[in-house]
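Since the structure comes first, as structure tokens, the remarks are kept for the end.
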Amino acid sequence: MYIKDNLASVENNISAACIRSGRNRDEVTLIAVSKTKPVEMIRECIDCGITVFGENKAQELRDKQAVITDELHWNFIGHLQRNKVKYLVENVDLIHSVDSYKLALAINEEAKKKNVICNILIEVNVAQEESKFGVTVDATEDLIKEIAKLENVRIKGLMTIAPYVDNPEDNRPHFAKLRKLLVDINSKNIDNIDMNVLSMGMTGDYEVAIEEGATMVRVGTGIFGERYYS
Ligand SMILES: *Cc1c(COP(=O)(O)O)cnc(C)c1O
């Protein structure tokens, strides 16, 4: 039963962070990041009332969706190759990890084929870590201007994966920077661009992220426990 307890404590932490920063709890969506975790654990979450899940592999997402047919909100949070786009459009609510025009174009083509609009976030490498995917802060506005012209893709906001740190306070400046970037770009009044999603904060730092304006936090370990990769 530990998932239930973990969820209760994450929920407490989210509420407390909202209160500290004068925000309403309903401004923040908790995404349960279920990657590598079995279907039974996802079911436990669903039994606790969770409906929003995050996965980072197209194949794993497909396999899980094949057996979990509940009405859920799936989010794709992993690095995405263009040849996998066809598995995601229509099957996810939101793709968090778009960091190139080429990828956005592939999503747009697939969405057009299926006659749907695909919601995406632009992944920004705010901390400028060499190992990370994501567009640089400086290149974000130009990328958004280009993608904004694609008819079957809608940019809902920005996402970042902050560095792994011992002290979550170390990531506060990165979260603040992503928020400022969103506000700055919105103020440019680019056609088709009115972003309101900030996907930032993971198990180690989601409370700080909420204090800095996160509207989506992606929590895996804090709900499901450590991941084991074979
Ligand atoms: C795995 C992952 C998470 C969850 O990480 P935890 O530290 O386990 O909460 C969040 N976001 C992305 C993009 C991930 O790949």
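Counting starts at 1 for both ligands and their atoms, following the listed order. Quantities reported herein were computed from a predicted structural model and do not represent experimental measurements.
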Which protein heavy atom lies closest to [atom], and at what distance to 0.1 Å?
atom	value
atom 12 (C) of ligand 1	I77 CD1, 3.5 Å
atom 6 (P) of ligand 1	T203 OG1, 3.4 Å
atom 8 (O) of ligand 1	T221 OG1, 2.5 Å

From I120 atom CD1 to L158 atom CG, the distance as rounded to the nearest 0.5 Å: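 The CG atom of L158 is 10.5 Å from CD1 of I120, to the nearest 0.5 Å.
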From K35, R218, M202 - option closest to atom 2 (C) of ligand 1 by heavy atom: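 Result: the heavy atom closest to atom 2 (C) of ligand 1 is in K35.
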Ring geometry between F133 and H79 (parallel below 30°, tilted from 30 to 60°, perpendicular above 60°):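 Parallel, since the angle between the ring planes stays under 30°.
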For V208, the option from H174, R172, M200 that meets side-chain contact (heavy atoms from CB on, under 4.5 Å):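 So the option named by the test is R172.
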Student check: side-chain heavy atoms of N75 and V52 closer than 4.5 Å: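 Yes, close enough: below the 4.5 Å cut-off.
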L7 side chain reached by L30 side chain, heavy atoms, under 4.5 Å: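 L30 reaches L7 side chain to side chain.
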Side chain, backbone, both or neither: R227 near ligand 1, heavy atoms under 4.0 Å: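 Within the 4.0 Å criterion, R227 contacts ligand 1 through side-chain atoms alone.
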Short side-chain to backbone donor-acceptor contact, T140 and T136, under 3.5 Å: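 Such a contact is found between T140 side chain and T136 backbone.
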Identify, by atom number and element, the atoms of ligand 1 in contact range of [X], meaning under 4.0 Å from any of its heavy atoms.
X	answer
V219	9 (O)
I161	13 (C)
G220	4 (C), 6 (P), 8 (O), 9 (O)

